[in-house]
**Q** 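Below is a structure I'd like to ask you about.
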Amino acid sequence: MSHDLFEAARGAMAFAHAPYSKFPVGAAIRAEDGKIYTGANIENLSFPQGWCAEPTAIGQMIMGGAKKIVEIAVIAEKLPLCPPCGGCRQKIAEFADKETRIYLCDETGVKKTMTMDEMLPFSFETEVLG
Ligand code: THU
């Protein structure tokens, strides 16, 4: 992974709105258009209404006109590496391939690289729904 994606994820983390958990998370997606889309977690006083960094980045990507995640980096300052939550794995999978790389980072760089298939094995798939 080139350093720019890591830097983008780390930079995005600074925009987290996490007054309740005090657990800022940043995500950065390199999309098929070559651009980087970033996101941070955005919490809410009504706790279930908050959301993770990854869907913020996905929303940015979609509204930027891109549809495919080529690679994605995730970072949380309070964890040596931050595995995306179950819901985020499903959301990432919607716009990824089985080989898409997911980089789990700390403040210094990538600590672990996984593929989408390793991150979400035996995922929900059906031709019935298209
Ligand atoms: N969080 C993320 O942003 N991404 C994840 O994959 C795991 C959890 C956020 C949600 C919440 O704002 C905070 O981390 C603590 O759970």
Side-chain angles (χ1 to χ4, degrees):
M1 182 196 71
S2 52
H3 206 64
D4 59 346
L5 197 67
F6 162 69
E7 296 279 4
R10 190 169 58 176
M13 188 167 56
F15 290 90
H17 175 71
Y20 310 108
S21 71
K22 299 187 172 27
F23 190 87
V25 184
I29 292 168
R30 192 186 315 280
E32 90 278 11
D33 61 1
K35 293 184 186 159
I36 291 176
Y37 298 95
T38 60
N41 49 335
I42 303 175
E43 297 180 350
N44 192 279
L45 178 59
S46 176
F47 295 167
Q49 301 304 326
W51 65 89
C52 291
E54 296 90 331
T56 305
I58 290 169
Q60 298 265 64
M61 178 188 78
I62 294 300
M63 294 315 294
K67 280 268 188 255
K68 199 88 211 162
I69 298 173
V70 174
E71 49 185 2
I72 177 169
V74 181
I75 181 169
E77 67 179 26
K78 291 184 177 170
L79 270 186
L81 55 84
C82 182
C85 77
C88 284
R89 293 177 196 207
Q90 184 69 38
K91 290 185 176 85
I92 295 166
E94 180 76 15
F95 303 102
D97 294 326
K98 292 191 181 302
E99 301 311 316
T100 301
R101 284 150 300 165
I102 300 166
Y103 306 109
L104 310 179
C105 308
D106 72 3
E107 292 280 351
T108 63
V110 177
K111 288 291 138 191
K112 189 173 177 63
T113 301
M114 294 183 71
T115 65
M116 187 71 245
D117 197 40
E118 288 169 334
M119 193 65 87
L120 188 65
F122 197 51
S123 59
F124 175 63
E125 288 177 76
T126 173
E127 288 173 9
V128 174
L129 294 172

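Small disclaimer: the values here were computed from a predicted structure and weren't measured. Sequence positions, counted from 1, serve as the residue numbers for this chain.
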**Q** Quick check: do F124 and L129 have side-chain heavy atoms less than 4.5 Å from each other?
**A**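 Yes, at least one pair of side-chain atoms sits under 4.5 Å.
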**Q** With sequence neighbours left out, which residue pairs that include part of residues 54-75 fulfil the ring-ring contact (aromatic ring centres under 6.0 Å, His included) condition?
**A**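 Every pair satisfying ring-ring contact (aromatic ring centres under 6.0 Å, His included) with a residue in residues 54-75: there are none.
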**Q** Nearest heavy-atom pair of A96 and M116: which atoms, and what distance?
**A**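 For A96 and M116, the tightest heavy-atom pair comes out as CB-SD, 4.0 Å.
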**Q** With sequence neighbours excluded, give me every side chain to side chain donor-acceptor pair (under 3.5 Å) pair touching residues 34-43.
**A**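 Sorted result for residues 34-43: S21-E43, D33-Y37.
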**Q** Can you name the residues that form a side-chain hydrogen bond (donor to acceptor under 3.5 Å, both in side chains) with E125, not counting sequence neighbours?
**A**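 Result, side-chain hydrogen bond (donor to acceptor under 3.5 Å, both in side chains) vs E125: K98.
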**Q** Considering all heavy atoms of both residues, which atom of A28 and which atom of A9 are nearest to each other, and what is their separation?
**A**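 What the structure gives for the nearest pair is CB-N, 3.5 Å.
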**Q** Quick check: closest heavy atoms across T108 and F6, and the distance to 0.1 Å?
**A**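 That would be C-CZ, 3.6 Å.
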**Q** For M13 and E107: C-alpha separation, side-chain torsions, deciding distance, then whether side chain to side chain contact (heavy atoms under 4.5 Å, CB included) applies.
**A** CA-CA 11 Å; M13 188 167 56; E107 292 280 351; 3.7 Å; yes
**Q** Consider only side-chain heavy atoms of I, L, V, M, F, W and Y, link residues closer than 4.5 Å, and tell whether V74 and M114 are in one cluster.
**A**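 Yes, V74 connects to M114 through the hydrophobic network.
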**Q** Got a second to check how far I69's CD1 is from E71's CD, nearest 0.5 Å?
**A**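 Rounded to the nearest 0.5 Å, the CD1-CD separation comes out at 11.0 Å.
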**Q** Would you name the heavy atoms of Y103 and T113 that are closest together and state the gap between them?
**A**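 Nearest pair, atom of Y103 first, then T113: CD2-OG1, 3.4 Å.
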**Q** Applying salt bridge (charged side-chain N to carboxylate O under 4.0 Å, His left out) as the test, list every pair that has at least one member in residues 55-70; sequence neighbours left out.
**A**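 Sorted pair list: K68-D97.
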**Q** What are the two closest heavy atoms between F23 and A18, and how far apart are they?
**A**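 Shortest heavy-atom separation between F23 and A18 comes out as N-CB, 3.9 Å.
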**Q** For E7, is there an ion pair with R10 - N to carboxylate O distance below 4.0 angstrom?
**A**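 Salt bridge between R10 and E7, a charged N being under 4.0 Å from a carboxylate O: yes.
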**Q** Name every donor-acceptor pair, under 3.5 Å, that has one atom in a side chain of residues 75-90 and the other anywhere in the protein, sequence neighbours excluded.
**A**
residue: K78; atom: NZ; partner: K22; partner atom: O; Å: 2.4
residue: R89; atom: NE; partner: P84; partner atom: O; Å: 2.7
residue: R89; atom: NH1; partner: M119; partner atom: O; Å: 3.0
residue: R89; atom: NH2; partner: P84; partner atom: O; Å: 3.0

**Q** I42: what forms a side-chain contact (heavy atoms from CB on, under 4.5 Å) with it, not counting sequence neighbours?
**A**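 If we apply the side-chain contact (heavy atoms from CB on, under 4.5 Å) test to I42, skipping adjacent residues, the hits are H17, W51, T56.
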**Q** If you group Ile, Leu, Val, Met, Phe, Trp and Tyr by side-chain heavy-atom gaps below 4.5 Å, do V70 and I29 land in one group?
**A**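 No, because V70 and I29 fall into different hydrophobic clusters, even though each may have its own neighbours under 4.5 Å.
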